[in-house]
*Asks:* 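Got a structure for you, questions after.
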Amino acid sequence: MDLGTANTLVYVRGKGIVIREPSSVARKKKTKELLAIGSAAKKMEGRTPKTIESVRPLKDGVIADFDATVAMLDYYIKKVHESGTVIPKIPRPRLIIGIPSGVTEVERRAVADAAVNAGARRADLVEEPMAAAIGALLPVEDPEGVFIVDIGGGTSEIAVISLGGVVLGRSVRIAGDEMNEAIVSYVRLKYSLLVGEPTAEQVKISIGSAYPLPKEKFHIVRGRDLETGLPKTVKLTSVEIREALSPILREISKCIIETIEEVPPELIGDITDRGIVLAGGGALLAGIDKAISEATHMPVVIAEDPLTCVVRGCGILLENDSLLNKIKLTG
Ligand SMILES: Nc1ncnc2c1ncn2[C@@H]1O[C@H](COP(=O)(O)OP(=O)(O)OP(=O)(O)O)[C@@H](O)[C@H]1O
Ligand SMILES: [Mg+2]
């Protein structure tokens, strides 16, 4: 399972990815009674009446709402585990969960406990960048070293992995969510137009880029005019959105450069040969590979299907106990 800030994915041995939903929970404010989980809850974001709240259980790579996290975990475990059509009922499944590396030890234990309470026989936790590297089929056990950057919703995780361990790791709270926020503020400042974060995310996905596009694009957004209070429509161009996103990309590049500077000399040659591997949804931003390559003077490659690297890595670990035992988080 990939318990991400933006998306939760579940991989079942022999079946592949069976669940792929936004990490979102909608519930009644007073009683905390659950109303929806996953995409149904995400659709309610920014649209809920006063009595209902739509929450993101994880934010900035840490658990922001513990009850919601447990509810979501419980729901997906039961859903997979009880639906005989997806897998023949396994009485007590074994679980491997990829979690952001910023999650505290207390929270980790709580996540593992929640999984056990939801019916798991055992729950092992692995760090997201390690799971992503394994899912990207990188040789994490070799001595050559791999350099992975996972740009998710809440965090960008940068790691250098060699001999089955994280040699260097850095986690920054600047990723997809901040890109959305940057678009919201850009549009507010330039056009006095208030748009919601879901709209900003659509803009980012449809016309966002980190490097000039062969053919620039545009996207029409509707929001509220801050001066008149009335609805207004604005045509945004990919050039503008690139300008809005550039401070975020500069920040991510800066963290990558700082990490490169700390790479032990024995590893730097091999890492330069293979290049930086990008995973996570942020890797899908158009031209991000070119932008990071230009900033770091390193080759950059995008992992295949970057949104599923972590969960596929967890799937590989289900079949490889010796590697799992080497890398799983303890405590
Ligand atoms: N085509 C795209 N262009 C730019 N960003 C994208 C694209 N597709 C998805 N994203 C962004 O990727 C992010 C989600 O990525 P991902 O599912 O890897 O995050 P996560 O694993 O849930 O979060 P984290 O790893 O921080 O806990 C979202 O911010 C989403 O807007
Ligand atoms: Mg992630």
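Quick note: numbers below take in every heavy atom, side chains included, and nothing from hydrogens, waters or symmetry partners. As the structure lists them, so they are numbered: ligands from 1, and atoms in each ligand from 1. All values reported here derive from a predicted model rather than from experimental measurement.
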*Asks:* Looking only at protein heavy atoms, which one is nearest to atom 1 (N) of ligand 1, and what is the separation?
*Replies:* L284 CB, 3.4 Å
*Asks:* Taking both backbone and side-chain atoms of N180, is any N or O found less than 3.5 Å from an N or O belonging to ligand 1?
*Replies:* no
*Asks:* Extract all donor-acceptor atom pairs below 3.5 Å that involve side chains of residues 69-76 and protein atoms in other chains or at least two apart in sequence.
*Replies:*
{"from": "T69", "atom 1": "OG1", "to": "D65", "atom 2": "O", "distance (Å)": "2.9"}
{"from": "D74", "atom 1": "OD1", "to": "K78", "atom 2": "NZ", "distance (Å)": "2.9"}
{"from": "D74", "atom 1": "OD2", "to": "K78", "atom 2": "NZ", "distance (Å)": "3.0"}

*Asks:* With atom 21 (O) of ligand 1 as the reference point, say which of R173, E157, M179, E128 has the nearest heavy atom.
*Replies:* E128
*Asks:* Regarding ligand 1, does I151 bring an N or O atom to under 3.5 Å of one of the ligand's N or O atoms?
*Replies:* no
*Asks:* Is the number of heavy atoms from other residues, nucleotides or ligands under 6.0 Å of F66 CZ greater than 12?
*Replies:* yes
*Asks:* Heavy-atom contacts with G176 under 4.0 Å: which atoms of ligand 1 show up? List them by number with element.
*Replies:* 29 (O)
*Asks:* Between N325 and S322, does any side-chain donor sit less than 3.5 Å from a side-chain acceptor?
*Replies:* no
*Asks:* Is a donor from one side chain sitting under 3.5 angstrom from an acceptor on the other, for S209 and R242?
*Replies:* yes
*Asks:* Please verify whether a non-hydrogen atom of G282 lies at under 4.0 Å from ligand 1.
*Replies:* yes
*Asks:* Of all the non-hydrogen atoms in the protein, which one sits nearest to atom 11 (C) of ligand 1, and at what distance?
*Replies:* K204 NZ, 3.7 Å
*Asks:* Can you tell me which portion of T8 lies within the under-4.0 Å heavy-atom range of ligand 1? Options are side chain, backbone, both, or neither.
*Replies:* neither
*Asks:* List the steps and the verdict of side-chain hydrogen bond (donor to acceptor under 3.5 Å, both in side chains) for E21 and S39.
*Replies:* CA-CA 6 Å; E21 298 260 358; S39 44; 3.0 Å; yes
*Asks:* Is the backbone N or O of D305 less than 3.5 Å from a side-chain atom of R312, with the two atoms forming a donor-acceptor pair by type?
*Replies:* yes
*Asks:* Go through ligand 1 atom by atom and flag the ones less than 4.0 Å from a non-hydrogen atom of L307.
*Replies:* 15 (O), 16 (P), 17 (O), 18 (O)
*Asks:* With heavy-atom distances below 4.0 Å as the criterion, list the atoms of ligand 1 near T5.
*Replies:* 20 (P), 22 (O), 23 (O), 24 (P), 26 (O), 27 (O)
*Asks:* Give me the nearest non-hydrogen protein atom to atom 19 (O) of ligand 1 as residue plus atom name, then the distance to 0.1 Å.
*Replies:* G153 N, 3.1 Å
*Asks:* Hey, which atoms in ligand 1 end up nearer than 4.0 Å to a heavy atom of A6?
*Replies:* 14 (C), 19 (O), 20 (P), 22 (O), 23 (O)
*Asks:* Show me which atoms of ligand 1 lie under 4.0 Å from any heavy atom of G4.
*Replies:* 20 (P), 21 (O), 22 (O), 27 (O)
*Asks:* Can you sort out which atoms of ligand 1 are near G280, meaning under 4.0 Å from one of its heavy atoms?
*Replies:* 18 (O)
*Asks:* Any salt bridge between R170 and E157, counting N to O under 4.0 Å?
*Replies:* no
*Asks:* Looking at E53 and K30, is any side-chain nitrogen of the basic one under 4.0 Å from a carboxylate oxygen of the acidic one?
*Replies:* no
*Asks:* What's the shortest distance from atom 9 (C) of ligand 1 to any protein heavy atom, and which residue and atom give it?
*Replies:* G281 O, 3.9 Å
*Asks:* For ligand 1, which atoms sit closer than 4.0 Å to a heavy atom of L285?
*Replies:* 3 (N), 4 (C)
*Asks:* Measure from the side-chain N and O atoms of S238 to the backbone N and O of K217, and report whether any donor-acceptor pair falls under 3.5 Å.
*Replies:* yes
*Asks:* Considering distance alone, does some N or O of G154 sit under 3.5 Å from an N or O of ligand 1?
*Replies:* yes
*Asks:* With a 3.5 Å cut-off and no angle check, do the side chains of E240 and Y191 form a donor-acceptor pair?
*Replies:* yes
*Asks:* Can a salt bridge be assigned to the pair R109 and E105 using a cut-off of 4.0 Å between side-chain N and carboxylate O?
*Replies:* yes
*Asks:* Quick test of your reading of the structure: of K59, E201, E197, whose heavy atom lies closest to atom 28 (C) of ligand 1?
*Replies:* E201
*Asks:* Closest non-hydrogen protein atom to atom 17 (O) of ligand 1, residue and atom name please, with distance?
*Replies:* N7 ND2, 2.7 Å
*Asks:* In E128, what N, O or S atom is nearest to the Mg ion (ligand 2), if we give its atom name?
*Replies:* OE2
*Asks:* Is the number of heavy atoms from other residues, nucleotides or ligands under 6.0 Å of K29 NZ greater than 12?
*Replies:* yes
